[in-house]
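Shown below is the structure under consideration.
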Amino acid sequence: MTFFPFCQKMLYKAKGLLLWPMDFSQTIIQWYNGNKRDLPWRNTTDPYVIWLSEIILQQTRVDQGMPYFYRFAEKYPTVSHFAAASEDEVLSLWQGLGYYSRGRNMLKTARLVQQQYKGVFPHKYSDLISLKGIGEYTAAAISSFAANEAQAVVDGNVNRVLARYFGIDEPINSNKGKKQFQQIANDLLDRQYPGMHNQAIMEFGALQCKPKNPACNICPLRETCFAYSNNLVKSLPVKLKKNSIKNRYFNYFLIADGENVLLNKRGDTDIWANMYDLPLIETPTQVTPAQLFPSGQTTTLFQTALALLKAYPVKKHILTHQHIYISFYQVSVSRDELKLQPTWFFTTPDDLKALALPKPILMFLAAFIGQ
DNA sequence: AACGCGGGGCG
DNA sequence: CGCCCAGCGTT
C-alpha cells in the first residue's frame, strides 16, 4: 500500500521542521496534564525504580505489569537488595509475566550495577545502553524520566501516534522505518521537558490514539492529523507481517480394491475445501512409519486394521502460508473389515477424472494408476 | 533482517 | 483467531 510517500515526506518536513513541533509537543503535554493516569513509577526520579517499571512494562500492558512492579519494588527496595537475590527467587517473583529472560537479565544488571557502579543505578543513556536488557527504548526512557536527558523514546505507542499524525506508511518494524520514526521522534522532542514529553506521547498513544477504536472524535490533534484527514487511521501504522508459515504433516493412506481407490471428500473449512483426497491422518510433527504402525506392519487407525504394503518418500508441498509434508502409505485391508467414514467412498479410475484433486494427490494417484 | 520469547486483553 | 502490548538479544 502506498500513500504518496514523496508528498508525505514533504508534509513531514513542512509540519515537523517549520510549522508544527511546538504545537505538537505542547498539545500533547497539555492533553497529558489533563488525562494522565496516576502511575506509581511516575512519582520518582530514582533510576532504579524507573528501571524496574520499564523492564516490567516491555511488551506488557500497564494493568498486567502493575502488581509485579509493586511486588519487586517491595521485595527489592534498592538495586543492592536486588543484586543479593538468587535467580530462583527472581524468576519466582516473575512467574506468570512471560518473557522470563527479562528477569534473568535484570539480575545480571543489578549485580553489575552493584559491582561496577557501587550500587548507584546509572541515569546516563550512554551507561544504560550497555546494560543487559536495556535497549534504545529503555535507555531513553530511564535517562529522560530520571534525569531529563534529551533522548526521545520510540515504542509501540510513539510509532502509532507518529505514523498516524504524519501519515508515515513505512513499516514500523523495517530497518528504514525504525530509523525514520526515531528521527521524527528526535526532531519532535521537547528539549526543555524531554521526560514529560516522552511520558505524554506514550500516554497519548495508550489512552487516546489507541490501536483499535482510537478516540478521534475528541482528539486535540485531529485537525492536523494526516491519518484522520485522509481516512487512514485504520490502516496506520503499517507493520510487516511475520512470516507465519506453518508446517503440517499429512499422512495419506492409499487403500485400493482392485482398480478402485478409496477417496475422501474434504470439508469446507481447511485448505483444498470440498476437493477430494485420500483418507488422512494429520500429525503435529513428522512421524515415521514405525510410529504410525506401532505394531509392526499393522495399525488400527480409523478403527480399522490396516496393513502396510509400501511407504513412499515424503513430499514437500508449499502453499503461501503452509508447508505440507506429505507421506503416502499404501495399505491393505479386507473390505468387510473396513469401517467407512461418512466422507469416504470407492471410485473407479474413470470416475476419478471428473473429480477435483489437489496437485500432490493427483500426481501421486496418476503415478500409482499408471504403474 | 528475521526470529524467539509469554501471557493476556480486545474486536 | 489475529493483533497488540512502555522490546531485547541472538543469529
Side-chain angles (χ1 to χ4, degrees), chain A residues 28 32 36-42 44 47 49-69 72 91 93-109 112 125 128-146 151-164 170-179 181-182 185 194-215 233-247 269-270 321-322:
Chain A
I28 293 264
Y32 177 67
K36 66 180 172 185
R37 293 167 289 185
D38 184 18
L39 302 175
W41 47 86
R42 287 193 181 140
T44 179
V49 176
I50 296 171
W51 169 72
L52 275 186
S53 73
E54 288 302 332
I55 303 296
I56 288 172
L57 291 176
Q58 284 169 5
Q59 293 292 285
T60 305
R61 278 185 318 286
V62 166
D63 290 344
Q64 190 187 0
M66 185 80 77
Y68 288 85
F69 171 78
F72 274 87
L91 289 180
L93 275 183
W94 199 271
Q95 191 170 37
L97 194 55
Y99 284 145
Y100 294 91
S101 63
R102 288 184 290 173
R104 288 191 291 273
N105 283 334
M106 275 181 116
L107 184 53
K108 288 181 194 165
T109 286
L112 188 144
Y125 182 98
L128 292 163
I129 193 67
S130 64
L131 299 176
K132 282 283 183 196
I134 297 184
E136 287 184 33
Y137 162 78
T138 307
I142 298 175
S143 61
S144 68
F145 299 163
Q151 300 284 351
V153 295
V154 178
D155 72 335
N157 293 309
V158 175
N159 278 328
R160 187 169 54 254
V161 172
L162 298 185
R164 285 175 177 164
E170 194 67 33
I172 59 174
N173 54 344
S174 71
N175 245 350
K176 192 175 168 190
K178 287 179 196 168
K179 285 180 191 167
F181 283 100
Q182 184 70 58
M196 185 161 57
H197 170 101
N198 280 338
Q199 296 269 18
I201 190 169
M202 286 195 289
E203 189 80 336
F204 185 79
L207 299 183
Q208 171 74 33
C209 196
K210 297 179 291 185
K212 299 285 170 68
N213 300 327
V233 173
K234 274 185 287 192
S235 49
L236 292 175
V238 175
K239 189 174 185 180
L240 255 35
K241 280 178 196 160
K242 275 180 141 184
N243 214 3
S244 61
I245 293 180
K246 284 172 182 144
N247 290 331
T269 56
D270 201 356
H321 296 295
Q322 304 184 22

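Small disclaimer: the values here were computed from a predicted structure and weren't measured.
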- Between C:dC5 (C1') and A:Tyr68 (OH): distance, integer Å: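 Rounded to whole Å, this separation is 15 Å.
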
- Is the count of non-hydrogen atoms from other residues, nucleotides or ligands lying under 6.0 Å from A:Glu136 atom CD greater than 12? no

- Report the C-alpha separation of A:Lys178 and A:Glu170 in whole Å, then their side-chain angles, then the decisive distance to 0.1 Å, and conclude whether the salt bridge (Lys or Arg N to Asp or Glu O under 4.0 Å) test is met. CA-CA 9 Å; A:Lys178 287 179 196 168; A:Glu170 194 67 33; over 6 Å; no

- Where the side chain of A:Asn157 is concerned, which of C:dG7, B:dG7, C:dA6 is the nearest nucleotide? C:dA6

- Quickly work out the A:Lys176 NZ to B:dA1 P distance and round it to whole Å. 11 Å

- Any residue meeting side chain to side chain donor-acceptor pair (under 3.5 Å) with A:Thr138, in chain and number order, not counting sequence neighbours: A:Gln58

- Item | Near-strand residues of residues 51-60 of chain A, defined as heavy-atom separation under 4.0 angstrom from DNA chain C |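 Nucleic-acid contacts, sorted: A:Glu54, A:Leu57, A:Gln58, A:Gln59.
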
- Message: What's A:Gly65 touching, base or sugar-phosphate or nothing? Going by heavy atoms closer than 4.0 Å.
- Response: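 Contact class for A:Gly65: none.
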
- Task: To the nearest 0.5 Å, tell me how far A:Ile55 CD1 sits from A:Tyr99 OH.
- Result: 14.0 Å

- Query: In whole angstrom, what separates A:Tyr99's OH from C:dA6's C1'?
  - Reply: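 Rounded to whole Å, this separation is 14 Å.
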
- Task: Grab the CG-P distance between A:Leu240 and C:dC3 for me, whole Å please.
- Result: 12 Å

- Taking CG from A:Leu207 and C1' from C:dC5, how many angstroms apart are they, rounded to a whole number?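 From A:Leu207 CG to C:dC5 C1': 13 Å.
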
- Item | Atom C1', compared across B:dG6 and C:dC3: separation rounded to whole Å | 15 Å

- Would you name the heavy atoms of A:Arg164 and A:Lys210 that are closest together and state the gap between them? NH1-O, 2.8 Å

- Item | Residues A:Arg102 and A:Thr60: side-chain donor-acceptor under 3.5 angstrom | yes

- Task: Check every strand shown and say whether A:Glu136 touches a base, only sugar-phosphate, or nothing at a heavy-atom separation below 4.0 Å.
- Result: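 Touches sugar-phosphate only.
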
- Closest to the A:Lys241 side chain: C:dC3, C:dG7, C:dA6?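 The answer is C:dC3.
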
- Query: About how many Å separate CD of A:Gln151 and OG of A:Ser143, when rounded to the nearest 0.5 Å?
  - Reply: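 Reported value, rounded in 0.5 Å steps: 5.0 Å.
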
- Query: Has the side chain of A:Gln64 got a donor or acceptor atom sitting under 3.5 Å from an opposite partner on the base of B:dG8?
  - Reply: no

- Task: Could you measure between the two C1' atoms, the one in C:dT10 and the one in B:dG7, and give it in whole Å?
- Result: 22 Å

- Spacing of A:Lys239 atom NZ and A:Ile172 atom CD1 [to the nearest 0.5 Å]: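 That separation rounds to 5.5 Å.
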
- List the steps and the verdict of ring pair (Phe, Tyr, Trp, His ring centres under 6.0 Å) for A:Trp41 and A:Phe69. CA-CA 9 Å; A:Trp41 47 86; A:Phe69 171 78; 5.1 Å; yes

- Query: Would you say A:Thr138 reaches C:dC8's phosphate, i.e. side-chain N/O to OP1/OP2 under 4.0 Å?
  - Reply: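 Checking C:dC8 against A:Thr138, a side-chain N or O does come within under 4.0 Å of OP1 or OP2.
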
- Item | A:Met196 and A:Gln199, any side-chain heavy atoms less than 4.5 Å apart |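 A:Gln199 vs A:Met196: side chains apart.
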
Which protein N or O atoms sit under 3.5 Å from an N or O of nucleotides 9-11 of chain B?
{"residue": "B:dG9", "atom": "O4'", "partner": "A:Arg61", "partner atom": "NH2", "Å": "2.9"}

- Message: Rounding to an integer number of Å, can you tell me how far A:Ile172 CD1 sits from B:dA1 C1'?
- Response: 15 Å

- Figure out the CZ/P separation between A:Arg102 and B:dG6, and round it to whole Å. 9 Å

- Message: Closest approach to the side chain of A:Pro211, judged atom by atom: which nucleotide of C:dC5, C:dA6, C:dG7 is it?
- Response: C:dC5

- Atom CD1 of A:Ile50 to atom C1' of C:dA6: distance rounded to whole Å? 13 Å

- Have a look at A:Trp41 and say if it touches a base, only the backbone sugar-phosphate, or nothing, with a 4.0 Å heavy-atom cut-off. base

- Task: Give one of base, sugar-phosphate or nothing for A:Arg42, where a contact means two heavy atoms less than 4.0 Å apart.
- Result: base

- Atom CG of A:Asn105 and atom NZ of A:Lys108: how far apart are they, to the nearest 0.5 Å?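 These two atoms lie 5.0 Å from each other.
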
- Item | Among B:dG6, C:dA6, C:dT10, the one nearest A:Lys132 by side-chain distance | C:dT10

- Message: Could you tell me how far B:dG8 sits from C:dG9 if I compare only their P atoms? Round to whole Å.
- Response: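 Those two atoms are separated by 24 Å.
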
- Message: On DNA chain B, compare the nucleotides closest to A:Lys178 and A:Tyr100; which residue's is nearer the 5' end?
- Response: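 Comparing both residues, the 5'-ward one is A:Lys178.
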
- In terms of the nearest nucleotide of DNA chain B, which residue is placed more toward the 5' end: A:Asn173 or A:Ser101?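 It is A:Asn173 whose nearest nucleotide is closer to the 5' end.
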
